[in-house]
Amino acid sequence: MLLTISCTRPEGAAWAATDLGFLLHKNPSRMQSFDQSYGVAQVFYPEADEERCTAALLLEIDPVRLVRGKSRNTPEFSLGQYVNDRPYAASSLLAVAISTVFGSALHGRCAQRPELAETAIPLRIELPAVPCKGGPEYAERVFAPLGWTVTATPLPLDPAFPDWGDSHYVRLELTGTLRLADALSHLYVLLPVLDGSKHYWLDATEIDKLLRMGESWLPGHPERAWITQRYLARRHSLVQVALARLAELDDAEPEELGAVDDSVDDTAESDTATTEPEAGKPPSLAVLRRAAVVGALRAVGASRVLDLGCGPGALLRELVTDRAFSEIVGVDVSVMSLRIAQRRLRRLPVWQAERVTLRQGALTYTDASLQGYDAAVLMEVIEHVDANRLGALEQSVFGSAAPGAVIVTTPNSEYNALYEGMTPGVFRHHDHRFEWSRAEFADWAHRVGERFGYAVRFEPVGPEDAERGASTQMAVFTKHKGITTEQNDSDEKGAA
Ligand code: SAH
């Protein structure tokens, strides 16, 4: 199994293509081997110069080890365990290798080139053999909406006997300008989805994995329901929980997501059941959260609003329909999310869409053009920022942009124990760097308010548990009158 990732330096860029080595945390000048439970993964660079650099991940699968490594709940012995295509085809094993060998890159971590890790770069990904059940058009349907140009060429069953027709394997080439972390998360989720047969037993932690890895792009993906069903091998109970949680990330109801035509699915062991909409069902947490944020924006009388970390734009879409908001700016570090947001905005009438501007940017870097707004929203964003970068975000939002009000929502970690199918100790999304209790959030908010001159009040969002509070916690910061940005700056230096 072979995967190559190539990157070319755009003209005039200040970085070298060999910086791919920093992003992948693998030195281009040597070959490295990683022992895996199912064989050996090797990383090497067939080419590495300033203009173009290619990293290759080669998996040598040991089919016997693969079978011996199996644990409880594995199917009975069968010849298929020993005689199969696993050594040759890119599959869920390759996804596992991506997460173990390129784990930091997959999570977007890169101490040496942090800005490059957050930048969309020209990438080309090649896989000589990918099992793609359902036909090559499925590769197009899952990768193209994410910004890839897809070439999926069917491989003949046997080149010597063209009459036999094509196999269900394709040679897959993806080109696009994306963040490396996004690209790897696409492969991590979608290669097993195209393959349709997982090599390991599924349990509820798979839901967490899917939602964590697909967090920035799955909620807005047109094939999200099919992807979810295939990823979870159509285990009905898991699919239900995953669709419900996905709906919380987006504004669709789970029924809407579940109601897909999955006649294309050729997985034999399906236990399909269609999801019946429940009458009188309460609104999802995502809907309640947006309502709470819009309510808080109205309460502070905001008209020009920043949606910082806007993601695929669910809140933006709601803000544009409300005439109280005259100017709305969405900012996000993820190009992919912004593309989805843009596509959604295109469907709106012009008078609504023209009030919104989308900008790519990292909130941990100050940006003078974000100054002078009435309010900024950080909805489910702070928990995505490394604890040691949070101070930089506070400075850029509260210190530099310094809007009249800041509305922050974040998960209440105390509530997690009430979620069905959620593994204790696991965060709600893979990209979360922390999740806070109510006391931790209050400590942070009071400290930030004091430092930058904001009063703060708190509001629970979503159904409330007597002991554990509500699922989402919201803080509404309002700037003390008479405090200017300059004073904030000097506060910061301890001079005021
Ligand atoms: N606010 C949206 C999306 C929340 S997901 C909603 O509630 O639906 C978190 C978002 O924050 C992601 O889209 C992620 O790309 C973005 N993000 C994380 N770190 C960021 C940073 N440093 N700068 C800008 N955006 C960031």
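Each ligand, and each atom within it, is numbered from 1 in the order the structure gives. Remember, predicted model here, so these are calculated numbers, not experimental data. Start at 1 with the first residue, then count along the sequence.
For ligand 1 and Leu363, the ligand atoms under 4.0 Å from any heavy atom of the residue are 21 (C), 22 (N), 23 (N), 24 (C). Listed by number with element, the atoms of ligand 1 under 4.0 angstrom from any heavy atom of Cys310 are 2 (C). Near Gly361, meaning under 4.0 Å from any of its heavy atoms, are these atoms of ligand 1: 23 (N), 24 (C).
Note on ring orientation: taking the six-membered ring where Trp is involved, the planes of Phe398 and Phe452 are parallel (angle under 30°, cut-offs 30° and 60°).
The closest heavy-atom contact to atom 15 (O) of ligand 1, among the options Val381, Leu393, Val331, Asp332, comes from Asp332. Residue nearest to atom 3 (C) of ligand 1, selected from Ala362, Ser396, Pro114, Gly309: Gly309 (by heavy-atom distance).
Between Ser369 and Arg359, the side chains place a donor N or O and an acceptor N or O closer than 3.5 Å (distance only, hydrogens not considered).
Residue contacts with ligand 1: Met379 is placed with a nitrogen or oxygen under 3.5 Å of a nitrogen or oxygen of the ligand (distance criterion only). For ligand 1, the polar-atom distance check against Pro312 finds no nitrogen or oxygen pair separated by under 3.5 Å.
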Evaluate the salt bridge (Lys or Arg N to Asp or Glu O under 4.0 Å) criterion for residues Asp374 and Arg304: first the C-alpha distance (whole Å), next the side-chain angles of each, then the deciding distance (0.1 Å), finally the verdict.
-> CA-CA 5 Å; Asp374 300 328; Arg304 300 177 62 237; 5.5 Å; no

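Judged by the 6.0 Å and 45° rule, Arg113 forms a cation-pi pair with Phe22.
Evaluation of the salt bridge (charged side-chain N to carboxylate O under 4.0 Å, His left out) rule for Arg124 yields Glu126, Glu173 as partners, not counting sequence neighbours.
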Sequence neighbours excluded and cut-off under 3.5 Å, please list the side-chain donor-acceptor pairs for residues 437-444, or say none.
residue, atom, partner, partner atom, Å
Ser437, OG, Glu440, N, 3.2
Ser437, OG, Glu440, OE1, 3.2
Arg438, NE, Glu414, OE1, 3.4
Arg438, NE, Glu414, OE2, 3.0
Arg438, NH2, Glu414, OE1, 2.8
Arg438, NH2, Glu467, O, 2.9
Glu440, OE1, Ser437, N, 2.8
Trp444, NE1, Glu394, OE2, 2.7

